[in-house]
Amino acid sequence: MHIPDIIIAIDGYSSTGKSSFARLIASEFSFLYLDSGAMYRGITLMAIENGFFDAGGNADTGRLSAALQSLDLHFSNTPDGSKTFIGDRCIEKEIRTMEVSAKVSPISAIPCVREFVDMRLREFGKRKRVVMDGRDIGTTVFPDAELKIFMTADLAVRARRRAAEMASRGETVSLETVVENLRERDYIDSHRETSPLTKAADALVLDNSRMTLQDQMVWIRGIIRERFGNVSD
Ligand code: DC
């Protein structure tokens, strides 16, 4: 299906399957996929590795802000698809650990961190034909995105998906730990002062608790036909 040059913004709670859905949309419509959460995770990894957290788990905002000035955090194409890098080091695996997941929400609530990420994400949007997932893509990063989707799913379903994904990478965590992490991140992400997670007024809600990825593709094809009319197959 060939669709016009638009930006598709996908926001929603943690582990609602935003990135799997966005990746499939990108491959079906030949769009560029960007995982904005990976940038926040990359900054969190850098903060952990540089010892910016104190014993209470609070980050030193001054040192973090200074480190961002020279941080070369980017996406690069590899034979296995687009991956997140710091300099020439691929950090894709390290940014998905429970340790990073536990610290990423407070880091992403820091205004200088959000400015750093927003500036980079907006660069990609200039070319359109981009599908981006995150928490504030339709509200802050691309408020004019032509198609906005807000994803949600039952907490238990999300926890099972996240635990399975972690197990497939060899990290075993209890379901209770995952539920606790999701609950905490949902709370911090929705209550922070800068760009909290919230549904844009013009976003369409997609609750995929009982939907497969294929069901979701059928749903979005229908929306695109309805919105953009005569798209060719
Ligand atoms: O999508 P994810 O779970 O990988 O995102 C990790 C964290 O990054 C999430 O808990 C909140 C933050 N985030 C954000 O604040 N804004 C975005 N656009 C994307 C992610």
Side-chain angles (χ1 to χ4, degrees), residues 7-23 25-26 33-48 57 59 64 68 73 75 82-84 91-125 130-143 145 148-153 155 157-159 161-166 169 171 173 177-200 203 206 208:
I7 292 179
I8 304 178
I10 303 184
D11 291 305
Y13 295 102
S14 298
S15 297
T16 45
K18 299 183 297 293
S19 66
S20 307
F21 186 37
R23 275 180 209 280
I25 291 173
Y33 163 62
L34 290 166
D35 171 2
S36 67
M39 291 226 138
Y40 291 103
R41 287 173 176 274
I43 295 169
T44 306
L45 178 72
M46 178 275 284
I48 293 171
L64 180 62
L68 288 178
L73 176 64
F75 300 115
S82 169
K83 303 278 177 207
T84 316
I91 54 165
E92 199 60 43
K93 190 157 185 270
E94 292 88 331
I95 60 173
R96 311 285 165 193
T97 61
M98 203 63 208
E99 190 188 6
V100 169
S101 293
K103 293 196 160 80
V104 65
S105 283
I107 286 286
S108 63
I110 300 171
C112 67
V113 169
R114 300 209 72 81
E115 270 166 40
F116 175 94
V117 173
D118 287 356
M119 214 170 74
R120 279 155 185 80
L121 297 180
R122 289 193 183 114
E123 274 303 306
F124 289 104
V130 163
V131 52
M132 195 176 290
D133 77 312
R135 303 293 186 291
D136 64 339
I137 308 304
T139 50
T140 304
V141 181
F142 296 123
K148 300 180 187 176
I149 299 167
F150 188 85
M151 287 178 67
T152 180
L155 183 62
V157 173
R158 296 195 275 139
R161 285 178 186 156
R162 177 66 101 184
E165 182 214 316
M166 295 182 85
R169 282 184 283 108
E171 199 179 354
V173 273
T177 308
V178 178
V179 167
E180 213 29 65
N181 173 252
L182 290 181
R183 226 195 275 281
E184 194 181 333
R185 280 164 64 203
D186 285 352
Y187 184 85
I188 302 176
D189 295 347
S190 326
H191 289 82
R192 65 175 176 233
E193 232 165 82
T194 317
S195 304
L197 166 66
T198 169
K199 186 186 99 56
L206 175 62
N208 67 3

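Note that ligands are numbered from 1 as they come in the structure, with each ligand's atoms numbered from 1 the same way.
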Report the nearest protein non-hydrogen atom to [atom]: residue, atom name, distance rounded to 0.1 Å.
atom                    : answer
atom 16 (N) of ligand 1 : Arg114 NH2, 3.0 Å
atom 8 (O) of ligand 1  : Tyr40 CB, 3.6 Å
atom 19 (C) of ligand 1 : Ser36 OG, 3.2 Å
atom 4 (O) of ligand 1  : Arg41 NE, 2.7 Å
atom 12 (C) of ligand 1 : Ser108 OG, 3.5 Å

Kindly confirm or rule out an N or O of [X] lying under 3.5 angstrom from an N or O of ligand 1.
X      : result
Ser14  : no
Arg185 : yes
Asp35  : no
Arg135 : yes
Arg96  : no

Atom indices of ligand 1, in the order listed, that fall short of 4.0 Å to a heavy atom of [X]:
X      : value
Ile137 : 18 (N)
Asp189 : 9 (C), 10 (O), 11 (C)
Ser105 : 10 (O)

For the residue pair [X] and [Y], establish whether any side-chain heavy-atom pair is separated by less than 4.5 Å.
X      : Y      : result
Ile10  : Val131 : yes
Met151 : Tyr13  : no
Val117 : Arg114 : no
Thr44  : Met46  : no
Ile48  : Val100 : yes
Arg96  : Ile91  : no

Practice item. Give the minimum heavy-atom separation between Ala159 and Val178, together with the two atoms involved. Key: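 Scanning both residues, the minimum pair turns out to be O-CG1, 3.7 Å.
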Side chain, backbone, both or neither: which part of [X] comes within less than 4.0 Å of ligand 1 when only heavy atoms are counted?
X      : result
Arg192 : side chain
Val117 : neither
Val104 : side chain

Review point. Is Phe116 atom CZ crowded by more than 12 heavy atoms from other residues, nucleotides or ligands, each under 6.0 Å away?
Key: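 Above 12, so yes.
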Exercise for review: Decide whether the shortest distance between a heavy atom of Met39 and an atom of ligand 1 is less than 4.0 Å.
Suggested key: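 In this structure, Met39 fails to qualify as a contact of ligand 1 - no heavy atom is under 4.0 Å.
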Point to revise | Proximity flag Arg162 to ligand 1, non-hydrogen atoms under 4.0 Å | key: yes
Check your understanding: Hey, are Glu165 and Arg162 close enough for a salt bridge, meaning a charged N less than 4.0 Å from a carboxylate O?
Key ->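 Yes.
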Review point. At what distance, to the nearest 0.5 angstrom, does CG of Asp136 lie from CG of Leu121?
Key: 8.0 Å
Review point. Among Asp186, Asp118, Asp189, which one satisfies salt bridge (charged side-chain N to carboxylate O under 4.0 Å, His left out) with Arg135?
Key: Asp189
